[in-house]
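The block underneath contains the structure these notes are about, expressed in structure tokens.
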Amino acid sequence: MSDLLKKYNTPVPRYTSYPPANYFNESFTAKDYESALDASNASEPQHLSFYFHIPFCRHLCYYCGCNSFAMAKPDKTDRYISALHKEIDRVLPHIDKKRKIAQIHYGGGTPTVLPATILKELNDHLLSTFPHIDQPEIAIECHPGYLDENYWQSLTGAGFNRFSTGIQDFDEKVLKASNRKPSLLPLETIFQILRQKNAGINLDFLYGLPLQTADSFVKSISKAIELQPDRLVTFSYAHVPWVNKRQLLLEKTGLPAQEEKSRMYEQAREILTQSGYQAIGLDHFVKSSDELYTALQNRQLHRNFQGYCTRRTTGQVYAFGVTAISQLSGAYAQNSKSIDDYIERINQGFATVKGYFLSEDEQITREVIETLMCNYSFDWQDLSERLALSVEKIKQATAYNPVRFQEFAADGIISFDDNRMDIKPEGRLFVRNVAAALDKLMLYTDKVFSKPV
Ligand SMILES: C[S@@+](CC[C@H](N)C(=O)[O-])C[C@H]1O[C@@H](n2cnc3c(N)ncnc32)[C@H](O)[C@@H]1O
Ligand code: SF4
């Protein structure tokens with residue numbers, strides 16, 4: 001493995017989108033977003049996925065890599081919420097009213113700093129405008145440190161049916177060193193409230209924080225397994241103090257060594273898979289009965305910025321709020337990163353500050369790379385049927401080169417023939433490298449990326 005690491009641990013995009021977000025550019029304007037919205041009505045997927053970014057947090061965790069701000073004065077929060085409603089009113093006239101809502105997601109920051117009544121009003125604004133699929137996914141990221149029984153109950157009353165709860169670690173020493181509060185309620189109580197409503201429960205963990213060891217992290221994961229969440233995510237802590245200076249405070253306590261961090265991941269993965277959880281991608285784990293696992297088995301798993309989804313819940317994403325990124329078939333559009341600037345722009349029109357129009361070849365490459373990243377395999381004929389294009393056309397749109405693929409195969413990363421390509425289990429760490437070999441933009445890129453490990 002170490003020889004492979006030496007050869008392939010080189011900077012490559014993470015491919016959470018294609019093209020990656022560092023290709024978005026400022027020549028893409030609000031006018032371009034409007035035309036992309038109009039064009040989205042003629043494109044697949046037909047379902048609608050909506051995202052709200054709520055940037056506020058009660059306390060800022062030192063490790064945070066998300067776009068989060070300390071809780072603003074009530075007046076600013078109110079202006080932000082009205083701007084969200086205004087933005088919805090600007091976007092909705094552009095979308096075909098016969099299209100159905102498949103997903104509404106709230107991320108942040110911490111959406112649960114807002115009263116559930118306000119979240120319900122935002123949901124209702126959309127749900128009263130469009131029809132929806134049977135059981136659309138209405139999901140929210142929750143910080144359990146501040147939430148009492150009434151609040152959890154009011155969230156289920158507001159229509160939410162999937163809850164991503166940020167645990168990070170059960171060890172209070174670890175949380176304290178990261179300036180984070182543990183859950184206010186025992187998790188058993190939260191599970192009871194949510195399970196009564198048949199809601200899906202995800203737990204988020206973070207490894208690589210100060211004071212964590214492989215043993216202590218596995219203890220936390222074991223405790224989580226006893227609770228039997230539907231899904232569990234083990235995020236690798238991304239230390240990027242040049243993006244968020246607060247992360248430097250963690251260096252005072254000291255970050256675990258790289259080998260210890262890798263052990264945290266490997267041991268957590270082992271115990272999760274031994275306990276019946278199925279791995280989705282590198283860091284998501286779900287029960288065998290989960291629709292994401294069924295989709296993976298049928299090689300129909302998809303992904304957007306909000307996470308993994310199935311063909312049922314896949315939609316073009318229309319995003320609202322500061323920094324929010326809309327993901328349409330033909331374009332990406334991102335809103336301003338400053339709350340004041342966002343509010344000001346929305347009062348005048350749209351808040352788009354950058355974006356990207358995808359060429360036809362890039363749309364094809366996106367489909368191939370997304371299929372590969374989610375399912376660890378692709379079949380040229382399947383892709384050809386899905387895209388209604390010849391296999392030759394798809395190969396030409398990507399940077400596919402059998403010589404590169406032979407090299408990956410010789411290194412034991414993939415197996416492939418004329419029909420399909422599969423990443424071998426021992427090659428999964430390098431799926432990004434294989435994706436990069438299909439990406440024409442990587443032939444001449446001047447962008448900076450992180451390493452796979
Ligand atoms: C927006 S937060 C979740 C909602 C809520 N604010 C909370 O903290 O519970 C989303 C998740 O991102 C992950 N995260 C935050 N900072 C990270 C970092 N620097 N590296 C990797 N994951 C990070 C955490 O696991 C967190 O649960
Ligand atoms: S991890 Fe969550 S609560 Fe902590 S600062 Fe980031 S967004 Fe806010």
Side-chain angles (χ1 to χ4, degrees), residues 14 16 51-72 77 105-114 119 139-147 151-152 155 160 162-171 174-185 187 190 201-210 212 217 220-221 224 229 231-251 253 255-256 258 261-262 264-265 268 281-285 305-308 319 321-325 337 339 450-453:
R14 292 176 60 214
T16 44
Y51 173 74
F52 289 102
H53 192 82
I54 310 295
F56 309 112
C57 298
R58 289 205 198 284
H59 286 101
L60 296 176
C61 313
Y62 294 158
Y63 58 75
C64 186
C66 310
N67 203 280
S68 48
F69 296 85
M71 198 64 196
T77 326
H105 271 223
Y106 288 76
T110 308
T112 52
V113 296
L114 298 179
L119 299 169
I140 183 160
E141 290 178 2
C142 312
H143 186 333
Y146 307 91
L147 311 183
Y151 189 87
W152 285 105
L155 279 183
F160 290 97
R162 181 162 293 284
F163 297 82
S164 286
T165 304
I167 304 297
Q168 323 310 347
D169 199 313
F170 283 118
D171 187 330
V174 172
L175 294 182
K176 199 156 178 235
S178 301
N179 195 35
R180 186 171 171 95
K181 263 176 76 130
S183 181
L184 181 67
L185 295 178
L187 281 212
I190 300 171
I201 308 177
N202 305 6
L203 297 183
D204 284 1
F205 285 83
L206 192 55
Y207 64 92
L209 295 176
Q212 278 178 327
F217 188 63
S220 283
I221 297 293
R231 298 178 186 169
L232 190 150
V233 190
T234 56
F235 287 112
S236 165
Y237 167 57
H239 191 56
V240 283
W242 55 92
V243 178
N244 172 10
K245 267 204 197 128
R246 248 178 301 136
Q247 292 186 338
L248 287 173
L249 294 167
L250 298 180
E251 291 182 11
T253 321
L255 293 165
Q258 182 60 47
K261 188 178 175 192
S262 305
M264 289 178 205
Y265 168 69
L282 286 179
D283 48 16
H284 285 56
F285 299 88
F305 283 123
Q306 285 70 60
Y308 289 101
V322 66
T323 74
I325 301 175
K337 289 191 175 175
I339 297 176
S450 63
K451 295 178 179 177
V453 183

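Atoms within each ligand, like the ligands themselves, are counted from 1 in listed order.
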Do the side chain of [X] and the main chain of [Y] share a donor and acceptor less than 3.5 angstrom apart?
X: Lys261; Y: Tyr237; answer: yes
X: Gln212; Y: Leu206; answer: yes
X: Glu141; Y: Ser164; answer: no

To check you understand the geometry: which heavy-atom pair defines the closest contact between [X] and [Y], and what is its length?
X: His53; Y: Tyr51; value: ND1-OH, 2.8 Å
X: Cys61; Y: Arg246; value: O-NH1, 2.9 Å
X: Val113; Y: Cys57; value: CG1-CA, 4.2 Å
X: Cys64; Y: Ser68; value: SG-OG, 3.4 Å
X: Arg58; Y: Met71; value: CA-CB, 4.4 Å

Just which atoms of ligand 2 are under 4.0 Å from any heavy atom in [X]?
X: Tyr63; answer: 1 (S)
X: Gly109; answer: 7 (S)
X: Cys64; answer: 1 (S), 5 (S), 6 (Fe), 7 (S)
X: His143; answer: 3 (S)
X: Thr110; answer: 3 (S), 8 (Fe)

### Spacing of CD belonging to Gln168 relative to CG belonging to Leu203, to within rounding of 0.5 Å
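The CD atom of Gln168 sits 10.0 Å away from the CG atom of Leu203.
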
### Message
Just verifying a value: how many Å separate Phe69 CZ and Lys337 NZ, rounded to the nearest 0.5 Å?
### Response
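Here the interatomic distance stands at 9.5 Å.
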
Identify, for [atom], the protein heavy atom at the shortest distance, and state residue, atom and that distance.
atom: atom 11 (C) of ligand 1; result: Asp204 OD2, 3.7 Å
atom: atom 23 (C) of ligand 1; result: Leu206 CD1, 3.8 Å
atom: atom 5 (S) of ligand 2; result: Cys61 N, 3.3 Å
atom: atom 21 (C) of ligand 1; result: Ser236 O, 3.3 Å
atom: atom 27 (O) of ligand 1; result: Gln168 NE2, 2.8 Å
atom: atom 10 (C) of ligand 1; result: Glu141 OE1, 3.8 Å
atom: atom 16 (N) of ligand 1; result: Gly65 N, 3.0 Å

Between [options], flag the one that comes closest to [atom] by a heavy atom.
atom: atom 8 (O) of ligand 1; options: Lys181, Arg180, His53, Arg58; answer: Arg180
atom: atom 19 (N) of ligand 1; options: Phe235, Tyr63, Tyr106; answer: Tyr63
atom: atom 2 (Fe) of ligand 2; options: Arg180, Met71, Arg246, Lys181; answer: Arg180

Query raised in the report: Just wondering, do Leu184 and Leu147 contact through their side chains at under 4.5 Å, heavy atoms?
Result: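 No, their side chains stay 4.5 Å or more apart.
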
*Heavy-atom distance under 4.5 Å between the side chains of Cys142 and Leu155, does that happen here?*
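Yes - at least one pair of side-chain heavy atoms lies under 4.5 Å apart.
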
### Query
Is the distance between the ring centroids of Phe205 and Phe170 under 6.0 Å?
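When the ring centroids of Phe205 and Phe170 are compared, they turn out to be within the sub-6.0 Å range.
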
ask   = Using 30° and 60° as the class limits, which term best fits the ring planes of Tyr106 and Phe160: parallel, tilted or perpendicular?
value =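 Taking Phe160 first and then Tyr106, their aromatic rings stand perpendicular (interplane angle over 60°).
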
* To do: Could you tell me how the ring of His284 sits relative to the ring of Tyr308: parallel (under 30°), tilted (30 to 60°) or perpendicular (over 60°)?
  =>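 Correct class here is perpendicular.
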
Flag [X] as yes when one of its N or O atoms lies below 3.5 Å from any N or O atom of ligand 1, and as no otherwise.
X: Gly109; result: yes
X: Phe205; result: no
X: Cys64; result: no

Proximal atoms of ligand 1 relative to [X] (non-hydrogen, under 4.0 Å):
X: Gly108; value: 1 (C)
X: Cys66; value: 1 (C), 2 (S), 12 (O), 15 (C)
X: Ala238; value: 18 (C), 19 (N), 20 (N), 21 (C)
X: Gly166; value: 9 (O)
X: Gln247; value: 19 (N)

Which part of Cys142 is near ligand 1, with near meaning a heavy atom under 4.0 Å away: side chain, backbone, both or neither?
->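 It is the backbone that gets close, since no side chain atom is under 4.0 Å.
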
Ligand 1 versus Pro144, non-hydrogen atoms closer than 4.0 Å: side chain, backbone, both, neither?
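The answer is neither.
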
Within reach of ligand 2, part of Cys57 (heavy-atom separation under 4.0 Å)
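It is the side chain that gets close, since no backbone atom is under 4.0 Å.
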
